[in-house]
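Notes to accompany the following structure.
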Number of protein chains: 2
Amino acid sequence: MSENKTEIELLRKILGSAGMKPEAFDLSLPYWKLKQYKKGEFYNEYKNVCKHLGFVINGVFRIYRVNNDTGEEKNMLFFTDHQFVASYKSFLAQTACEYYTEAMVDSLILYIHIDHLNELYGQSHQWERFGRIVAETAFHEVMVNTEGFLFKTPEDRYREMMEKHPNIFNAVPLYHIASYLGIQGPSLSRIRKRMVGR
Amino acid sequence: MSENKTEIELLRKILGSAGMKPEAFDLSLPYWKLKQYKKGEFYNEYKNVCKHLGFVINGVFRIYRVNNDTGEEKNMLFFTDHQFVASYKSFLAQTACEYYTEAMVDSLILYIHIDHLNELYGQSHQWERFGRIVAETAFHEVMVNTEGFLFKTPEDRYREMMEKHPNIFNAVPLYHIASYLGIQGPSLSRIRKRMVGR
DNA sequence: GGATAAGTTTAACCCAGGTTAAAATCGAAA
DNA sequence: TTTCGATTTTAACCTGGGTTAAACTTATCC
């Protein structure tokens, strides 16, 4: 287990700052596993049921969907350092996953199996709270995203992406950004051109 | 308290089917309050901090945002029977609300103050679980919404709205539906016209 | 360093939704 | 019923993103 030490302690610290007591955290020690992903490897595959909740030590992942007819890919979300990663809809409902989750750069993840997590939920009030906070955070993330689509232009969303998530912005090609913003490559080019003009 | 009896028992039954034990539920009995909303009344106002989690006994609410410059309204979500209602982002973070939440028809709500809810979270593992499930449900709701914007046309979203939420569809004017779908009134008219044509 | 692949931009054309205002329809209330 | 206001549709014009394919730029690798 000694090779997980640093990463586990990072997670302990982050959960601790969200209110988790060390003793409660210790309950989970046997369950966390560390995995290295090479760029291009998948955290979760289409049609699998997502069985693990991951915690990104470092790296960038994209969660995307493929149109069965056209083969076209569309990015739903990105995950990066110190975020929890899962195909969360599939994970919560334990239904077949509609997404792929792919490492965009070499990445490192601590992950836990849902059965162990449910065990912790049952054993410990603190872990139940952890589950609540992960869910609330995921909600917030997606909510902000939806608000973007409703209330903002693609140009606004592009600018925000650049400002608020520079590490993601720099790690992935522009056509993935375009997809995430809900537009096509050429449209993003036009937006970028418009922006330098002013 | 006797006038809340029926509504409380409905809530007990619904939470029970999500796994809440009656004894745990009983802890909350002193806290739920019942409120009748007339059509047009507000559950939550812009710039308030949302302090209550509501449970819709019956009725329809819309949560919407107003553009400060143009005064234009855009609908974010609808809530109806047996759903939990809150300006959830504001509720979770206890920050000033960016939305209005308005009753679209005469409605009845059971609500609980966040302080009492936090008390229950602290007292009871079961209630902590309740909080997790509410958050997970809210996540799922918003996620499906975002997926709609990314992967579906306004026409698809309109058709789904009609099929899956007929009670909402029938309770609110079309221009509110249009707003929820992210389009303008005339566009919805064009879509409807296209649809009868085929 | 030149070849090859990957990523980005450009151009030309198309189309759906935005915008505005007027017309038509519906509904409640007198 | 007639009328007034609210809602929905229509019309005309505009705009920005979609689509496709080619051109250009940047990495990467032998």
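Reminder, nothing fancy here: chain letters follow the sequence lines and each chain counts from 1.
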Please state whether the phosphate of D:dT9, meaning OP1 or OP2, lies under 4.0 angstrom from any side-chain nitrogen or oxygen of B:R192.
->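 Yes.
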Within-4.5 Å side-chain heavy-atom neighbours: B:L150 and A:Y180 =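 B:L150 vs A:Y180: side chains apart.
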Check whether any side-chain heavy atom of A:H82 sits under 4.5 Å from a side-chain heavy atom of A:L10, and report yes or no.
->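 Result yes, sub-4.5 Å side-chain heavy-atom pair found.
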Between [X] and [Y], is the gap from one ring center to the other below 6.0 Å?
{"X": "B:F84", "Y": "B:F130", "answer": "yes"}
{"X": "A:Y88", "Y": "B:F139", "answer": "yes"}
{"X": "B:Y43", "Y": "B:Y111", "answer": "no"}

Atom pair distance, as rounded to whole Å: CE in B:M195 and C1' in D:dT8 =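 Taking CE of B:M195 and C1' of D:dT8, I get 16 Å after rounding.
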Whole Å only: how far is the NZ atom of A:K193 from the P atom of D:dC24?
->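 Going from NZ in A:K193 over to P in D:dC24 covers 14 Å.
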Taking the side chain from [X] and the backbone from [Y], do they hold a donor-acceptor pair closer than 3.5 Å?
{"X": "A:S90", "Y": "A:T95", "value": "yes"}
{"X": "A:S28", "Y": "A:Y31", "value": "no"}
{"X": "B:S107", "Y": "B:A103", "value": "no"}

Among A:H176, A:E102, A:R65, side chain to side chain donor-acceptor pair (under 3.5 Å) partner for A:N75 =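 Looking at A:H176, A:E102, A:R65, the match for A:N75 under the side chain to side chain donor-acceptor pair (under 3.5 Å) is A:H176.
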Common cluster, A:F42/A:V66, ILVMFWY with side-chain heavy-atom separation under 4.5 Å |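 Both belong to a single hydrophobic cluster.
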Please give the angle, rounded to 10 degrees, between the axes at the start and the end of the helix from C:dG1-D:dC30 to C:dA30-D:dT1, where five pairs define each axis.
->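 Taking the rotation axis at each end, their angle is 40°.
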Residues from residues 166-180 of chain B sitting under 4.0 Å of DNA chain C, heavy atoms only?
->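 Contacts with DNA chain C under 4.0 Å: none.
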Footprint string (nucleotides 16-26 of chain C, 5' to 3'): B base within contact, S backbone only, - free, heavy atoms under 4.0 Å = -BBBB------
